[in-house]
Protein chains: 2
Amino acid sequence: MKILIVEDEAKICAYLQQGLNEAGFVVDTSRNGLDAHHLAMTEHYDLIILDVMLPDVDGWTILKALREAGRDIPVLFLTARDSVDDRVKGLELGADDYLVKPFAFAELLARVRTLLRRGINRSTETRLSAADLELDLLSRRVTRAGQRVAITTREFALLELLLRHQNEVLPRSLIASQVWDMNFDSDTNVIDVAIRRLRAKIDDAFEPKLIRTVRGMGYMLDTSGGN
Amino acid sequence: MKILIVEDEAKICAYLQQGLNEAGFVVDTSRNGLDAHHLAMTEHYDLIILDVMLPDVDGWTILKALREAGRDIPVLFLTARDSVDDRVKGLELGADDYLVKPFAFAELLARVRTLLRRGINRSTETRLSAADLELDLLSRRVTRAGQRVAITTREFALLELLLRHQNEVLPRSLIASQVWDMNFDSDTNVIDVAIRRLRAKIDDAFEPKLIRTVRGMGYMLDTSGGN
DNA sequence: GATGGACCATGAAAATCCTCATCGTGGAGG
DNA sequence: CCTCCACGATGAGGATTTTCATGGTCCATC
């Protein structure tokens with residue numbers, strides 16, 4: 001599997017390359033948009049990791065050019081934490097996933113694998129939702145019944161996981177591995193507490209309750225309205 | 001590469017197995033000490049991951065038996081956070097590394113790889129030290145000039161990294177990748193702050209200063225006493 | 001239907017961590 | 001030698017996360 005990394009910051013670029021190499025991928029890198037575009041048009045890549053902020057041409061432009069040239073390579077966007085609105089437009093151009101800096105390498109790797117596994121692109125997921133709960137992956141914004149809800153990083157990760165597996169029971173161990181990097185400490189209740197915080201924010205003041213406890217199993221995001 | 005996991009807690013066992021499988025290892029598991037011993041004696045493994053707390057025979061006994069039978073398989077111990085003194089003895093029996101629960105999977109994987117890479121066992125590292133600074137890997141205890149110093153998880157990870165690479169300059173990016181799971185946010189000073197906290201604990205009140213800043217490069221643990 | 005135990009919920013406190021603003025300092029270039 | 005600038009140090013503040021203690025609830029068993 002061959003991956004092209006387009007990222008101007010040398011350190012980040014080097015570490016992504018190293019990390020992905022160690023994970024068994026062949027990796028090319030480009031530090032600017034023009035070379036990136038050229039490479040993407042001439043070489044064959046299974047995936048492109050594309051920083052939006054580049055010194056010359058920005059990421060969207062490159063993506064757009066690729067798509068217009070009929071190239072259906074999966075693209076994983078790297079975006080900076082701020083400057084939200086700007087970015088939305090880019091993702092609408094056909095990126096396949098996004099990642100907001102800063103991020104853990106494990107996270108990147110997981111997404112890379114997902115993208116590669118599902119083959120050619122499956123169009124952008126900008127938001128997830130269940131009932132009247134909406135979660136905007138790009139801006140990391142959450143609304144319930146139209147109301148904006150403030151949410152922290154961990155809470156977001158947890159909620160995203162729940163939403164990506166609606167109506168599936170998620171065992172604690174799975175949650176721990178996804179949201180806490182597989183930190184399975186049998187005698188801690190971090191997850192319970194995190195669920196509690198999440199409920200306080202998105203369920204306490206609303207109906208129907210979305211987060212359901214499945215005794216002895218774990219938690220699930222239940223859209224059936226309770227039955 | 002074939003690994004044997006000996007761990008009684010089903011969840012942990014399953015997740016280790018899954019994780020290591022995905023990382024490309026062949027994995028057998030055992031939920032108790034007797035089977036584990038039997039497997040280790042009959043099958044060929046490149047590494048054994050061994051929980052000390054088992055329902056029947058404890059980890060040390062198994063390790064001891066293996067060593068006495070002349071089996072030089074690398075062993076990675078999993079220990080619980082508490083009950084410190086008990087454990088020290090086990091490690092003296094010839095385990096090759098240890099890991100204190102809870103731990104991140106990334107950490108486990110790193111150690112597994114290290115152990116496999118360096119081939120047959122290289123005897124236990126129970127503690128690291130530099131000048132009058134001592135760090136007990138098992139109990140996660142730190143002393144400077146004989147005085148016990150309280151330390152947090154992150155601080156410990158950072159200090160361990162510095163100690164494992166004494167007199168080498170560690171670039172920020174490397175530190176970020178090791179201590180923060182490759183969380184490279186170019187404009188944050190988490191590392192600086194963490195170094196600050198560490199210095200406050202192990203350097204401020206002592207001489208010589210061990211943590212040295214290498215301008216433009218990073219930090220290093222310097223045992224040369226400053227020159 | 002009572003009892004006990006495992007499992008979960010919850011609030012509050014404590015620990016830890018990160019951000020931010022400001023200050024200090026070393027070194028290059030004048 | 002002086003000035004300026006980039007880089008690092010530092011303290012304070014706040015946000016987040018974790019721990020802990022307690023209380024509630026479900027369910028198996030008697």
Side-chain angles (χ1 to χ4, degrees), chain A residues 11 80-82 100-104 140 142 149-159 169-173 175-176 178-181 183-205 209-220 222, chain B residues 9-11 80-82 100-104 140 142 149-159 169-173 175-176 179-181 183-205 209-220 222 226:
Chain A
K11 290 179 186 174
R81 180 162 37 185
D82 305 321
V100 180
K101 294 186 205 172
F103 52 84
R140 313 234 121 186
V142 174
V149 176
I151 203 164
T152 70
T153 312
R154 268 254 153 60
E155 288 158 12
F156 191 92
L158 177 55
L159 185 55
V169 180
L170 301 179
R172 279 186 168 64
S173 50
I175 297 176
Q178 300 290 303
V179 180
W180 278 263
D181 184 20
N183 185 335
F184 36 68
D185 183 3
S186 17
D187 49 344
T188 179
N189 71 339
V190 265
I191 296 178
D192 305 50
V193 176
I195 287 281
R196 165 74 193 120
R197 280 202 304 272
L198 211 46
R199 278 178 164 150
K201 291 185 179 177
I202 66 151
D203 258 358
D204 278 8
K209 306 306 183 196
L210 292 171
I211 299 175
R212 181 145 74 92
T213 305
V214 183
R215 209 184 155 76
M217 304 267 88
Y219 297 96
M220 91 188 251
D222 184 359
Chain B
E9 282 189 71
K11 290 179 183 174
R81 179 160 39 183
D82 305 323
V100 180
K101 295 185 201 174
F103 52 85
R140 312 235 121 186
V142 175
V149 177
I151 203 164
T152 70
T153 312
R154 268 255 155 56
E155 288 158 10
F156 191 92
L158 177 55
L159 185 55
V169 180
L170 301 178
R172 279 187 168 63
S173 51
I175 297 176
V179 181
W180 277 263
D181 183 20
N183 186 335
F184 36 70
D185 184 2
S186 17
D187 49 347
T188 181
N189 70 339
V190 263
I191 297 178
D192 305 51
V193 176
I195 287 281
R196 165 73 194 121
R197 282 203 302 272
L198 210 46
R199 278 180 165 147
K201 291 185 177 175
I202 66 151
D203 258 357
D204 278 8
K209 306 305 183 197
L210 292 172
I211 299 175
R212 182 144 73 91
T213 305
V214 184
R215 214 186 153 74
M217 304 269 87
Y219 296 95
M220 92 188 249
D222 184 0

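On a predicted model such as this, the values are computed, not experimentally measured, just so you know.
- In terms of the side-chain hydrogen bond (donor to acceptor under 3.5 Å, both in side chains) criterion, residue partners of Thr152(B) (sequence neighbours excluded) are, by chain and number, Glu155(B).
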List the steps, then state whether side-chain contact (heavy atoms from CB on, under 4.5 Å) holds for Val214(B) with Tyr219(B).
CA-CA 5 Å; Val214(B) 184; Tyr219(B) 296 95; over 6 Å; no

Could you walk me through whether Trp180(A) and Thr188(A) pass the side-chain contact (heavy atoms from CB on, under 4.5 Å) test, one step at a time?
CA-CA 12 Å; Trp180(A) 278 263; Thr188(A) 179; over 6 Å; no

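- Here the options are Leu210(A), Ile151(A), Val142(A), the test is side-chain contact (heavy atoms from CB on, under 4.5 Å), and the partner is Leu198(A); only Ile151(A) passes.
- Distance CD1 (Ile195(B)) to C1' (dC7(D)): 15 Å, rounded to an integer number of Å.
- Arg212(B) places its CZ atom 14 Å from the P atom of dG8(D), with the value rounded to the nearest Å.
- Spacing between atom CD1 of Ile211(B) and atom P of dA9(D) amounts to 10 Å, rounded to whole angstrom units.
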Every protein N/O lying under 3.5 Å from an N/O of nucleotides 10-16 of chain D:
| from | atom 1 | to | atom 2 | distance (Å) |
| --- | --- | --- | --- | --- |
| dT10(D) | O4 | Asn189(B) | ND2 | 3.2 |
| dG11(D) | OP2 | Arg196(B) | NE | 3.1 |
| dG11(D) | OP2 | Arg196(B) | NH2 | 2.5 |

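- Asp203(A) places a side-chain N or O within donor-acceptor distance of the main-chain N or O of Ile211(A), the cut-off being under 3.5 Å.
- Over its length, the helix from dG1(C)-dC30(D) to dG30(C)-dC1(D) turns its helix axis by 30°, as judged from the five terminal pairs at each end, rounded to 10°.
- Rounded to an integer number of Å, the gap from CG of Leu198(A) to C1' of dG11(C) is 17 Å.
- The backbone N or O of Asp204(B) lies less than 3.5 Å from a partner atom in the side chain of Lys209(B), making a donor-acceptor pair.
- The separation between Ile175(B) atom CD1 and dG8(D) atom P is 11 Å, rounded to whole Å.
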Which atoms of nucleotides 23-30 of chain C (N or O only) lie under 3.5 Å from a protein N or O atom, and what are those distances?
none

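- For the side chain to side chain contact (heavy atoms under 4.5 Å, CB included) test, residues two or more places apart in sequence or in another chain that qualify with Ala157(B) are Val179(B).
- Atom pair Trp180(B):CH2 and dT19(C):P shows a separation of 11 Å (rounding to whole Å applied).
- Straight-line distance from the CG atom of Asp203(A) to the P atom of dC8(C): 18 Å, rounded to whole Å.
- At whole-Å resolution of the value, CE in Met220(A) and C1' in dC8(C) are 17 Å apart.
- Remark: Arg199(A) pairs with Thr213(A) by the side-chain hydrogen bond (donor to acceptor under 3.5 Å, both in side chains) rule, at least two apart or across chains.
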